[in-house]
There are 2 protein chains.
Amino acid sequence: MKAKELMDKDFVYLNCNDSVIEASKAMENVRRFTCPVVNDNKQLVGWITAFDITRGLREGKDKIQEIMSSSDEVSTVHENDPARKAVILTANNKFVTVPVVNDDNQVIGMVRACDIVELLSDLYDIKVEKLYKAMQNQLKGVSWEELMSASALVYKKTTGIKISPEEYEKNIMNSTFGEAIWATGGLEKFFAGLISVGEMVVARRVGRAKK
Amino acid sequence: MKAKELMDKDFVYLNCNDSVIEASKAMENVRRFTCPVVNDNKQLVGWITAFDITRGLREGKDKIQEIMSSSDEVSTVHENDPARKAVILTANNKFVTVPVVNDDNQVIGMVRACDIVELLSDLYDIKVEKLYKAMQNQLKGVSWEELMSASALVYKKTTGIKISPEEYEKNIMNSTFGEAIWATGGLEKFFAGLISVGEMVVARRVGRAKK
């Protein structure tokens, strides 16, 4: 995924000569705490946050150029950079928004922290059931019942708690990947558990074949 | 993980009778675009964003109570709620911050979108190598070389591209879970690939045992 696929296009461009008062109204209307300041060619020349605006209003400043940060102080991503780059910038610097530029340094969008949360959160929301279905699909010829019964056994081995295959099924129907990761104590442990189930299913199949 | 383990404690409390000007300075100092308004017992009674402040400054409002939103309009999470609840609120409503309250409705912290990005991003950053090590650990008695050689075979079967076990190893050493998910086309497919590798390793081991 590229930065341009993640960016928000609904933002405010400011100009050096815009009035601080008008800029404050524009930012309130679009509900954006940060804005790029651009020249007539839409190239990034500065950066405004709501903090610059409140200070500017208090001190009676007139123009955006009197209160903006220089573009040197702004981290940008290129539209074709991996979306991941914007995520790292946001995470490491606690940014609210990262501007996205094209080859001509024109600002064409903004990656917002809340959009990143939505994207990453979708990954978490995938049902554990779906991962089991993928596993069943992969381990051809294994029935859903075999999978649940192996899972209940692995669960007992790991936690010491006895659970029926039916109860186990009910649990995974209601839980998401995100919950499962927290519950098992991390991604590696979650995967190890699933692999363990797959292994048990294969072992039982081989056992049956020998009889 | 609970909301209280994810929340930021470095925020500004505002009071109904605080001056808009002083509040704006406090928010600039701590660099927070949103603030809870609380009573003397630290209980939530309202909410202020930088947009309320800029409008208040423009219109010459004096006190916070003249510009704040009512606490009815604010979504909160309880300190013992799953952190996940704050993530969903942030993703669905494009929030910058979600206040965290205790049993007495006192505001004890704020979950920020950028903190969520950092947390979710850490998950993405886990090396694929680590997942392979967990798999090796689970499939007892399987050597790293067997795992790489099975992986190279599965890779060829899936993509049609021939790759040596050494090249495959180099790839996973440099890639993260996040990259692998995008590369394989989703969590289920990534996971199916791993199961497929595990299955091939077990099949080869069984094959050797028969000889």
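Below, chains carry the letters A, B, ... as their sequence lines are ordered, and counting in each starts from 1.
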Can you classify the ring geometry of B:Phe33 versus A:Phe33 as parallel (below 30°), tilted (30 to 60°) or perpendicular (above 60°)? parallel
Quick one: OG1 on A:Thr90 to CD1 on B:Ile116, what's the gap to the nearest 0.5 Å? 12.5 Å
Chain A contact via B:Arg112 - which portion, at a heavy-atom distance below 4.5 Å: side chain
For residues B:Lys2 and B:His78, determine if any side-chain heavy atom of one lies less than 4.5 Å from a side-chain heavy atom of the other. no
Trace of the side-chain contact (heavy atoms from CB on, under 4.5 Å) decision for A:Asp8 with A:Arg32: CA-CA 11 Å; A:Asp8 171 45; A:Arg32 294 293 178 272; 3.2 Å; yes
So, do A:Pro36 and A:Met110 sit near enough that their side-chain heavy atoms are less than 4.5 Å apart? yes
Considering only heavy atoms, which portion of B:Val96 lies under 4.5 Å from any heavy atom of chain A: side chain, backbone, both, or neither? side chain
Measuring heavy-atom distances to chain A, does B:Asp52 have an atom under 4.5 Å in its side chain, in its backbone, in both, or in neither? neither
Which residues pass the ring pair (Phe, Tyr, Trp, His ring centres under 6.0 Å) test with B:Phe95, sequence neighbours left out? none
To the nearest 0.5 angstrom, please state how far the CG atom of B:Leu89 sits from the CZ atom of B:Arg84. 10.5 Å
Assert top hit (heavy-atom pairs under 4.5 Å, partner chain A, pool B:Ala192, B:Pro82, B:Gly56, B:Ala50) equals B:Ala192
Determine the option with the most heavy-atom pairs under 4.5 angstrom with chain A, choosing from B:Met135, B:Lys133, B:Lys94. B:Lys94
Chain A-proximal positions within residues 147-160 of chain B [heavy-atom distance under 4.5 Å]: none
Heavy-atom side-chain contact between B:Thr97 and B:Trp47 under 4.5 Å: yes
What part of A:Asp115 lies closer than 4.5 angstrom to a heavy atom of chain B: side chain, backbone, both or neither? both
Nearest 0.5 Å, what's the CG-NZ distance between A:Asn174 and A:Lys127? 6.5 Å
Going by heavy atoms in the side chains, are B:Phe177 and A:Phe191 under 4.5 Å from each other? yes
Name each donor-acceptor pair under 3.5 Å that joins a side chain in residues 17-27 of chain A to protein atoms two or more places apart or in another chain, with its distance.
unit_1  : atom_1 : unit_2  : atom_2 : d
A:Asp18 : OD2    : A:Asn15 : N      : 2.8
A:Ser19 : OG     : A:Ile21 : N      : 3.4
A:Ser19 : OG     : A:Glu22 : N      : 2.9
A:Ser24 : OG     : A:Ile21 : O      : 2.7
A:Ser24 : OG     : B:Arg58 : NH1    : 2.7

Inter-chain contacts: residues 61-74 of chain A against chain B, heavy atoms under 4.5 Å: none
Name the region of A:Leu131, side chain, backbone, both or neither, that has any atom closer than 4.5 Å to a heavy atom of chain B. both
Decide if atom NZ of B:Lys130 counts as having more than 12 heavy atoms of other residues, nucleotides or ligands within a radius under 6.0 Å. no
If you round to the nearest 0.5 Å, how far is CD of B:Glu118 from CG of A:Asn93? 10.0 Å
